[in-house]
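Proteins get letters first, then strands, A, B, ... in listed order; numbering begins at 1 in each.
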2 protein chains.
Amino acid sequence: MREYYSITELTREFDISTRTLRFYEDEGLIQPVRRGRTRLFRPSDRHLVKQIMRGKRLGFSINEIREIIQMYREPPGEVGQLKLMIKRIEEKREDLRQKRRDLEETLAELDQAEESCVERLVELGVNT
Amino acid sequence: MREYYSITELTREFDISTRTLRFYEDEGLIQPVRRGRTRLFRPSDRHLVKQIMRGKRLGFSINEIREIIQMYREPPGEVGQLKLMIKRIEEKREDLRQKRRDLEETLAELDQAEESCVERLVELGVNT
DNA sequence: GGCCGAATTGACTTTTACGTAAATGCCGTG
DNA sequence: CACGGCATTTACGTAAAAGTCAATTCGGCC
C-alpha cells in the first residue's frame with residue numbers, strides 16, 4: 001500500500017479534475033494532509049474518493065454522500081447517537097433498495113425494447 | 001383504466017409540482033393533450049411520468065431520461081437506425097449494471113456500518 | 001351573469017456541482 | 001538560475017432542474 005498519492009494521480013485514476021478534488025475537500029468530504037501547500041492523499045483519502053464516485057454514480061447529492069460517509073466512520077459512543085445512526089443507516093438502505101427496484105424495472109424495459117428492435121431486424125430479413 | 005388525469009392528480013400521485021410537469025412538457029418528455037388550455041394526461045402520459053421519476057431516482061439527467069424514453073418507443077424502420085438503437089440500449093444497460101455493482105457495494109458497507117453500531121451497543125450493555 | 005378555485009403563462013430566482021481564468025508558488029533539471 | 005510543469009488560491013461563471021411569484025384566464029356552479 002502506497003503512502004501518498006498526488007492530486008494528479010487521483011484525477012487520472014478516477015477521471016475527475018483537480019478542481020473537483022479541491023471542491024470535495026472544501027465540502028469536508030476528504031482531508032488530505034499537506035506538505036507545504038501541496039496536498040498529499042493517503043490510501044484512506046483515496047478510498048473515500050472511491051466511495052464518493054460510487055455515490056455520484058448512484059445519483060446521490062454531495063450532502064447525501066457526506067451523510068453516507070459519516071455512517072462508515074467509527075460509531076459514536078453514546079447510546080442515543082448510536083440508535084439514531086442505526087435508524088439513518090436503515091433509511092439509506094431503504095433508499096438503495098428503492099433504487100434497486102427502479103434499476104431492475106428499467107433493465108427489464110430495456111430488455112423488452114431491445115427485443116423489439118431485434119424482432120424488427122428479423123422482419124427486415126437482416127442476418128443477425 | 002381512466003381516460004384522463006388532471007395535472008393536480010398527477011402532482012399528488014408522484015409528489016411533484018405542476019411546474020415540474022410543465023417543465024417536462026417543455027422538455028418534450030410528455031405531450032398531454034389539451035382541452036382549451038387545460039392539460040389532459042392520458043394513461044400513457046402517466047406511465048411516462050412514472051418512468052421519468054424512476055430515472056430521476058437513479059440519478060439520470062433529463063437528457064439521459066429523454067434518451068431512455070426514446071428507446072421504449074416504436075423501433076425505427078431503418079436497419080442502420082435499428083442497429084444504432086440496439087447499441088445505445090446495450091450502453092444504457094452497461095451503465096445500469098455499473099450502478100447495480102455500486103449499489104451492492106454500498107449496501108454491503110452500510111451493513112458493516114450497522115453491525116459496528118450494534119456491536120458497540122452490545123458493548124455498552126444495551127438490551128437490543 | 002358573476003364568482004371562486006384551479007390552471008396557465010412568463011419572468012425571475014435559486015441550488016448544486018463543478019468549470020475556467022488569472023495570478024502566483026514551489027521544485028527538480030539542464 | 002532560468003525554465004517548464006504541476007499546484008494553489010481566489011473569484012467569477014454556468015448549466016441543469018426546478019421553485020417562486022405575479023398576472024391572467026378558464027370552467028363549472030349557484
Side-chain angles (χ1 to χ4, degrees), chain A residues 2-42 45-46 48-70 92 95 99 102, chain B residues 2-42 45-46 48-70 92 95 99 102:
Chain A
R2 305 235 340 239
E3 184 155 19
Y4 293 125
Y5 303 87
S6 79
I7 195 166
T8 33
E9 277 179 312
L10 293 192
T11 63
R12 292 205 185 100
E13 174 171 3
F14 295 108
D15 195 27
I16 53 179
S17 67
T18 60
R19 176 71 182 84
T20 299
L21 282 170
R22 287 188 207 108
F23 175 71
Y24 293 154
E25 186 180 355
D26 283 348
E27 289 295 314
L29 298 181
I30 48 180
Q31 284 127 281
V33 297
R34 302 273 180 139
R35 181 173 49 208
R37 294 201 314 168
T38 304
R39 290 165 177 83
L40 300 175
F41 294 80
R42 293 154 296 185
D45 294 310
R46 179 168 164 280
L48 272 176
V49 174
K50 196 177 284 187
Q51 290 173 330
I52 295 170
M53 300 319 286
R54 244 171 28 204
K56 281 208 53 182
R57 284 194 297 270
L58 290 174
F60 287 115
S61 72
I62 295 296
N63 275 324
E64 289 173 312
I65 290 172
R66 198 198 323 274
E67 285 175 31
I68 294 173
I69 282 178
Q70 269 155 20
K92 271 297 164 217
D95 190 351
K99 277 191 207 290
D102 289 329
Chain B
R2 304 239 338 243
E3 185 154 16
Y4 291 125
Y5 302 87
S6 78
I7 195 167
T8 33
E9 276 179 312
L10 292 191
T11 62
R12 291 206 185 99
E13 176 171 1
F14 295 106
D15 196 26
I16 52 180
S17 67
T18 59
R19 177 72 184 82
T20 299
L21 282 170
R22 283 183 214 112
F23 175 71
Y24 292 155
E25 186 179 354
D26 284 348
E27 290 292 315
L29 297 181
I30 48 179
Q31 284 126 282
V33 295
R34 300 274 180 139
R35 182 173 49 207
R37 297 199 314 165
T38 304
R39 292 164 175 84
L40 299 175
F41 293 79
R42 293 156 296 187
D45 295 310
R46 180 168 164 281
L48 272 177
V49 174
K50 196 179 284 187
Q51 289 174 331
I52 295 170
M53 300 318 287
R54 242 169 31 203
K56 282 207 55 182
R57 282 194 297 269
L58 289 173
F60 287 115
S61 73
I62 294 297
N63 276 326
E64 288 174 311
I65 290 173
R66 201 200 321 277
E67 285 175 31
I68 294 173
I69 282 177
Q70 270 155 18
K92 271 298 164 216
D95 189 351
K99 274 188 209 293
D102 290 330

A:R34 side chain near D:dT9 phosphate (N/O to OP1/OP2, under 4.0 Å): yes
Side-chain N,O (B:R19) to OP1/OP2 (C:dA11) below 4.0 Å: no
Options D:dT8, C:dA17, D:dA18, nucleotide nearest the side-chain atoms of A:R22: D:dT8
Heavy-atom pair with the smallest gap, counting every atom of A:E64 and A:G59: OE1-O, 4.2 Å
Touch class at under 4.0 angstrom, heavy-atom based, for A:I7 against every strand present: sugar-phosphate
Per A:T20 side chain, nearest of listed nucleotides C:dT9, C:dC18, D:dA18: C:dC18
Approximate separation, where rounding is to 0.5 Å, of A:L21 CG and A:I52 CD1: 8.0 Å
Nearest-neighbour nucleotide for the B:R37 side chain, D:dT25, D:dA18, D:dA7 considered: D:dT25
First encountered from the 5' end of DNA chain D, between A:S6 and B:S17: A:S6
Any B:Y24 side-chain nitrogen or oxygen under 4.0 Å from OP1 or OP2 of D:dA17: no
Residue-phosphate contact under 4.0 Å: B:R39 side-chain N/O, C:dA6 OP1/OP2: no
Among C:dC18, C:dG25, C:dA7, the nucleotide that comes nearest once only the side chain of B:T38 is considered: C:dA7
Closest to side chain of B:T8, choosing from D:dT9, C:dT9, C:dA6: C:dA6
Side-chain H-bond candidate by donor/acceptor type, B:S17 with B:T20, under 3.5 Å: yes
Out of D:dC6, C:dT8, C:dA17, whichever nucleotide has its closest atom nearest the side chain of A:K56: C:dA17
Donor + acceptor pair across side chains of A:T18, A:R22 (<3.5 Å): yes
